[in-house]
Amino acid sequence: HRECPNIVRTREPERLVDVDWGGDIRRAYPVTFRVQLHDRPGAFRDVAEVVSSLGINITASQTRSRTRDDSADVTLTLEIRESREIQQVLEKLSRLDVVLGARRIDR
């Protein structure tokens with residue numbers, strides 16, 4: 001630190017180096033979710049709109065329809081920057097009428 005007494009009194013200022021720890025750079029990490037939906041037109045769009053409204057990017061998705069119960073399983077990989085976003089996604093998805101269930105999964 002510039003105000004450190006040892007640095008202020010150094011006899012070798014040429015050995016000092018400016019550093020930057022990257023401050024506000026936030027990394028995004030892939031997190032996978034499984035969402036079970038009523039299989040009807042616009043259901044996936046509703047899910048994508050919720051994710052988008054949170055400012056979260058969808059990097060991958062896979063949908064599988066199940067005709068026996070008119071549902072669909074959707075696997076989403078999202079770019080998560082903060083752990084609180086995981087809970088936000090799950091809470092908002094659970095409020096959608098088309099969503100039967102949503103959870104985080106390990107890949």
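For this chain, numbers begin at 1 and follow the sequence in order. Note that the structure is predicted; figures quoted are calculated from it, not measured.
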Name of the residue among Arg40, Arg66, His38, Arg64 meeting side chain to side chain donor-acceptor pair (under 3.5 Å) with Ser71
Arg66
Donor-acceptor under 3.5 Å (Thr59 side chain, Thr77 main chain):
yes
Is there a donor-acceptor pair under 3.5 Å between the side chain of Glu85 and the backbone N or O of Glu82?
yes
Any Val47 side-chain heavy atom under 4.5 Å of Val74 side chain
no
Leu100 reachable from Phe33 in the ILVMFWY side-chain graph, under 4.5 Å edges:
no
Where Val99 and Ser94 come nearest, the two heavy atoms and their spacing
CG1-CA, 4.5 Å
Shortest non-hydrogen contact between Ala72 and Thr63, atoms and distance
CB-CG2, 4.3 Å
In terms of heavy-atom contacts, Ile58 and Ser61 come closest through CG2-CB, 4.5 Å
Can you tell me how far the CG atom of Leu76 sits from the CG atom of Leu93, to the nearest 0.5 Å?
7.5 Å
Shortest non-hydrogen pair, Arg34 vs Thr75, comes out as NE-OG1, 3.2 Å
Using a 3.5 Å distance criterion without hydrogens, assess whether the side chain of Ser52 forms a donor-acceptor pair with backbone atoms of Glu49.
no
Do other residues, nucleotides or ligands put more than 12 heavy atoms under 6.0 Å from the CG atom of Asp97?
no
